[in-house]
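Please read the structure below before turning to the comments.
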Amino acid sequence: MSPVARQIQIRRMTAADIDRVTEIAATLNSVSAWPRTAYLDAANSAAAVPRLALVAGGASTGRQDRSGPKSPSVQGFAVASLLPPRAELEIIAVTAPMRRRGVGLLLLAALMAELRSAGVRELLLEVRASNQPAISFYCAAGFVQTGRRTRYYVNPEEDAVLMTAHLD
Ligand SMILES: CC(C)(COP(=O)(O)OP(=O)(O)OC[C@H]1O[C@@H](n2cnc3c(N)ncnc32)[C@H](O)[C@@H]1OP(=O)(O)O)[C@@H](O)C(=O)NCCC(=O)NCCS
């Protein structure tokens, strides 16, 4: 594990993380934008769609300044929707300066462990065919390609690569 990854803590996303999470999400070109309310829903365990949302970073400060609550130490996040025995990895991201230091794998390992405890046996995802860094990352994390959906994405139009990881 890299020295950076050793200092990272993985924890549940809370409402105090949403500003930072949306800030990170706004920097991603290869990932569809979610509205702020979708992240708030993901962090809410009582939401209609059951989701597991984790962040990578230090503990939330919980402090509030003029611009509202913040958790600036968050360097990555992941969200999965659950329908045991399956779950879908909807998004995972690490801030650009922190990539290739093992933070993504830490997030995914923690997510998979929690999903397994919740009765999930298969974790599915779809990713833009051009997002080779993410596809390599998913392969490194144990996912295998299971299919392809032609012209699944729009703006720009592109195929989706379907991948699955078995959690048992
Ligand atoms: C995909 C992403 C989350 C990976 O996070 P990360 O913290 O950089 O990943 P890790 O450091 O844990 O990488 C683990 C392994 O995955 C593979 N990998 C990760 N990024 C890679 C890249 N850019 N190119 C090739 N392989 C890569 C490598 O095998 C790596 O191990 P190594 O560094 O020892 O070679 C990150 O690149 C990211 O946030 N991308 C933008 C958002 C995105 O596209 N998300 C996926 C779609 S929702």
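If you're wondering where the values come from, they're calculated on a predicted model, not measured in any experiment. In each ligand, atom 1 is the first atom listed, and ligand 1 is the first ligand listed.
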(request) Go through Thr146 and Glu122 one step at a time and tell me if the side chain to side chain contact (heavy atoms under 4.5 Å, CB included) criterion holds. (result) CA-CA 12 Å; Thr146 49; Glu122 254 186 355; over 6 Å; no

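Contact check for Glu126 versus Met163: no side-chain heavy atoms found under the 4.5 Å cut-off.
The ring-ring contact (aromatic ring centres under 6.0 Å, His included) test applied to Phe137 returns no partner, not counting sequence neighbours.
Protein residues with a heavy atom closer than 4.0 Å to ligand 1 are Leu28, Ser30, Val31, Ile91, Ile92, Ala93, Val94, Arg99, Arg100, Arg101, Gly102, Val103, Gly104, Leu105, Asn131, Pro133, Ala134, Ser136, Phe137, Tyr138, Ala140, listed by chain and number.
Side-chain atoms of Glu158 come within 3.5 Å of backbone N or O of Ala129 as a donor-acceptor pair. Under the 3.5 Å distance criterion, the side-chain polar atoms of Arg149 are left unmatched by any main-chain donor or acceptor of Ala160. A donor-acceptor contact shorter than 3.5 Å is absent between the side chain of Glu114 and the backbone of Leu52.
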